[in-house]
Visitor: 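So that we are looking at the same thing, I have put the structure below in structure tokens.
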2 protein chains.
Amino acid sequence: MEDEVDRLVAAWRRERPDLDVEPLEVLSRVSRLARHLDRARRLAFAEVGLEPWEFDVLTALRRAGAPYQLSPGALLTQTLVTSGTMTNRIDRLAKKELVERLPDPSDRRGVLVRLTANGRDKADESLAGLLTQERAILAELSRAQRHELAGLLRRLTGPFDNVPS
Amino acid sequence: MEDEVDRLVAAWRRERPDLDVEPLEVLSRVSRLARHLDRARRLAFAEVGLEPWEFDVLTALRRAGAPYQLSPGALLTQTLVTSGTMTNRIDRLAKKELVERLPDPSDRRGVLVRLTANGRDKADESLAGLLTQERAILAELSRAQRHELAGLLRRLTGPFDNVPS
DNA sequence: AAAATATATCTCGACGTCGAGATACTTGCC
DNA sequence: GGCAAGTATCTCGACGTCGAGATATATTTT
């Protein structure tokens with residue numbers, strides 16, 4: 001099946017036959033697919049009354065395991081947002097009583113963000129919904145193909161996730 | 001090489017062994033990689049004095065071929081933003097004299113957005129820079145692997161790009 | 001040919017993100 | 001111990017996006 005990137009690449013080959021646009025075959029698809037996924041996730045989470053950004057924060061805490069707490073800094077590296085954004089997110093989640101802020105006992109500069117019981121329920125509930133939706137999207141591929149795809153993507157994300165930047 | 005998604009998946013398997021989180025192996029990597037790419041692109045374009053969103057619009061017009069014009073609606077489907085956003089983008093690009101708005105002669109509701117000579121130069125210049133950067137990221141993979149990866153991604157983007165939604 | 005429906009674009013207020021700088025505490029070095 | 005450099009978080013103004021509604025024109029229906 002042809003997609004928008006096939007059309008995009010064909011257009012470049014016509015307009016700029018001097019350039020090798022092969023990299024776009026992979027990376028433009030990644031960007032566009034991510035955008036489609038954002039939209040789809042927004043719809044799925046609306047049923048649970050959550051925004052995608054709320055899901056990202058709540059599930060990062062949920063994954064940490066009991067007592068479901070992390071520093072804002074740890075949340076930054078997991079969610080790939082800036083510090084100002086995270087402060088704002090925590091404020092809003094605290095106002096909805098899905099998380100609470102505690103002083104870090106081992107570092108007085110620091111803070112710990114902890115999931116409330118309510119927040120934990122939301123996290124569990126929304127994860128199940130997300131997985132159902134993602135399974136439908138991935139039904140296009142066989143199990144072996146999904147594994148292959150995951151492996152190839154890991155080679156690209158690895159360098160980003162492992163530099164200190 | 002392990003990445004953040006490997007850690008994420010391992011954490012879920014520990015916390016929620018009852019759930020099958022295999023879909024995350026693919027789709028979380030897509031979302032995270034897209035976010036890394038956004039950041040990298042922002043840096044690359046800054047050298048040319050462009051924002052990523054400006055690149056997206058200018059190159060869509062450039063690809064259309066002479067006379068380098070498209071309707072706002074056509075730009076919407078290519079860039080995956082909403083109509084209000086596109087109006088705003090065109091306004092700002094017009095103020096910088098990279099594009100101009102013309103009435104559509106065949107539909108008086110419509111408008112055509114056309115690249116100026118200046119805008120065309122910017123588009124060409126920034127595309128070359130982007131490709132250089134993307135080639136570096138993709139150097140992790142062999143030519144055959146890149147082709148394989150592009151093919152698998154196409155199976156996922158195809159359904160999104162071909163529904164009338 | 002009038003009415004109803006559909007389409008293309010724009011308007012505008014609400015919202016989330018960014019990012020540079022500020023603050024407060026900690027760590028390493030002399 | 002005291003000072004310099006480093007680190008964690010927060011503050012806040014600027015900016016871009018969203019999305020529902022408004023407007024104008026096209027197309028279809030009766």
Side-chain angles (χ1 to χ4, degrees), chain A residues 31 34-36 38-43 45-46 49-58 60 69-96 98-114 164-165, chain B residues 31 34-36 38-43 45-46 49-58 60 69-96 98-114 164-165:
Chain A
S31 293
R35 212 138 161 78
H36 286 304
D38 271 352
R39 291 181 167 188
R41 291 204 312 162
R42 187 175 307 274
L43 288 177
F45 291 142
L50 278 186
E51 298 293 322
W53 65 263
E54 296 179 297
F55 173 88
D56 288 341
V57 177
L58 296 179
Q69 60 188 24
L70 288 173
S71 68
L75 288 170
L76 288 191
T77 68
Q78 294 207 32
T79 56
L80 298 178
V81 297
T82 61
S83 65
T85 299
M86 188 52 69
T87 299
N88 185 20
R89 288 184 174 188
I90 297 167
D91 286 348
R92 283 174 282 155
L93 288 171
K95 202 166 297 173
K96 290 177 74 173
L98 298 173
V99 307
E100 56 191 344
R101 269 198 186 85
L102 308 169
D104 182 337
S106 67
D107 183 339
R108 271 184 295 187
R109 290 169 307 181
V111 161
L112 290 174
V113 181
R114 173 143 59 180
S165 90
Chain B
S31 293
R35 212 139 160 77
H36 287 303
D38 271 351
R39 291 182 166 187
R41 291 205 311 162
R42 187 174 307 275
L43 288 177
F45 292 143
L50 276 186
E51 297 295 320
W53 65 262
E54 297 179 295
F55 173 87
D56 288 341
V57 177
L58 296 179
Q69 61 188 25
L70 288 172
S71 68
L75 288 170
L76 288 190
T77 68
Q78 293 207 33
T79 57
L80 298 177
V81 296
T82 60
S83 65
T85 298
M86 187 52 69
T87 298
N88 186 19
R89 288 183 174 188
I90 296 167
D91 286 348
R92 284 174 283 154
L93 288 171
K95 201 166 299 172
K96 291 177 72 173
L98 298 172
V99 306
E100 56 191 342
R101 267 197 186 85
L102 309 170
D104 182 337
S106 68
D107 183 340
R108 271 185 297 185
R109 292 169 305 182
V111 160
L112 291 174
V113 181
R114 171 144 60 180
S165 90

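Note on naming: letters A, B, ... go to the chains in the order of the sequence lines (proteins, then strands), and numbering restarts at 1 for each one.
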Visitor: How many whole angstroms separate atom CG of A/D38 from atom P of D/dG19?
Guide: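 Going from A/D38 (CG) to D/dG19 (P), I get 11 Å.
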Visitor: Restricting to salt bridge (charged side-chain N to carboxylate O under 4.0 Å, His left out), what partner residues turn up for B/R108, sequence neighbours left out?
Guide: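 Checked B/R108 against salt bridge (charged side-chain N to carboxylate O under 4.0 Å, His left out); zero matches.
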Visitor: Grab the CG-P distance between B/L75 and D/dT17 for me, whole Å please.
Guide: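 From B/L75 CG to D/dT17 P: 13 Å.
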Visitor: For nucleotides 2-10 of chain D, tabulate all protein N/O to nucleotide N/O atom pairs closer than 3.5 Å, reporting atom names and distance.
Guide:
residue : atom : partner : partner atom : Å
D/dG6   : N2   : A/R109  : NH1          : 2.9
D/dT7   : O4'  : A/R109  : NH1          : 3.4
D/dT7   : O2   : A/R109  : NH1          : 2.7
D/dT9   : OP1  : A/V111  : O            : 3.4
D/dT9   : OP2  : A/G73   : N            : 2.7
D/dC10  : OP1  : A/R101  : NE           : 2.8
D/dC10  : OP2  : A/T87   : OG1          : 3.4
D/dC10  : N4   : A/S83   : OG           : 2.8

Visitor: Among all residues two or more places apart in sequence or in another chain, which pass the side chain to side chain donor-acceptor pair (under 3.5 Å) test with A/D38?
Guide: none
Visitor: Taking atom CD of B/Q69 and atom CD of B/E100, what is their separation to the nearest 0.5 Å?
Guide: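 The CD atom of B/E100 is 9.0 Å from CD of B/Q69, to the nearest 0.5 Å.
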Visitor: How close or far is atom C1' of D/dG16 from atom NZ of B/K96, stated in whole angstroms?
Guide: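 About 14 Å, once rounded to whole Å.
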Visitor: Side chain of A/R108 only, heavy atoms from C-beta on: which candidate in C/dT17, D/dA26, C/dT26 is closest?
Guide: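 In terms of side-chain proximity for A/R108, the closest of C/dT17, D/dA26, C/dT26 is C/dT26.
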Visitor: Checking A/D107 now: which residues fulfil salt bridge (charged side-chain N to carboxylate O under 4.0 Å, His left out) with it, not counting sequence neighbours?
Guide: A/R109
Visitor: Angle between the end axes of the helix from C/dA1-D/dT30 to C/dC30-D/dG1, five pairs per end, to the nearest 10 degrees?
Guide: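 Both end axes considered, the difference amounts to 30°.
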Visitor: Looking at B/R35, I'd like to know whether one of its side-chain N or O atoms comes within less than 4.0 Å of OP1 or OP2 on C/dT17.
Guide: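 For C/dT17, neither OP1 nor OP2 has a side-chain N or O of B/R35 closer than 4.0 Å.
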Visitor: Enumerate the residue pairs fulfilling salt bridge (charged side-chain N to carboxylate O under 4.0 Å, His left out) with a member in residues 73-86 of chain B, sequence neighbours excluded, ordered by first and then second residue.
Guide: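 Salt bridge (charged side-chain N to carboxylate O under 4.0 Å, His left out) check on residues 73-86 of chain B returns no pairs.
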Visitor: Locate the shortest heavy-atom distance separating A/L112 from A/S71; write the atom from each residue and the value.
Guide: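 Here A/L112 and A/S71 meet closest at CD2-N, 3.9 Å.
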Visitor: Among residues at least two apart in sequence or on other chains, which ones pass side chain to side chain donor-acceptor pair (under 3.5 Å) with B/S31?
Guide: none
Visitor: How long is the line joining CZ of A/R92 and P of D/dT11, in whole Å?
Guide: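 Atom-to-atom, A/R92 to D/dT11, this comes out as 14 Å.
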Visitor: Only counting residues at least two apart or in another chain, list the ones meeting side chain to side chain donor-acceptor pair (under 3.5 Å) with B/T82.
Guide: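 Here the qualifying residues are B/T85.
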Visitor: Could you list the donor-acceptor pairs under 3.5 angstrom formed by side chains in residues 86-93 of chain A, with sequence neighbours left out?
Guide:
residue : atom : partner : partner atom : Å
A/T87   : OG1  : A/S83   : O            : 3.2
A/N88   : OD1  : A/R92   : NE           : 3.2
A/D91   : OD1  : A/R101  : NH1          : 3.0
A/D91   : OD1  : A/R101  : NH2          : 2.9
A/R92   : NE   : A/N88   : O            : 3.3

Visitor: Could you tell me the separation between the CG atom of A/N88 and the P atom of C/dG19, rounded to a whole number of Å?
Guide: 15 Å
Visitor: Hey, does the side chain of A/R89 come within less than 4.0 Å of C/dG16's phosphate (OP1/OP2), counting only N and O?
Guide: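 So the side-chain polar atoms of A/R89 never come under 4.0 Å of the phosphate oxygens OP1 or OP2 of C/dG16.
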Visitor: Whole angstrom is fine here: how far is it from CZ in B/F55 over to C1' in D/dG16?
Guide: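 Rounding to the nearest Å, CZ of B/F55 and C1' of D/dG16 are 19 Å apart.
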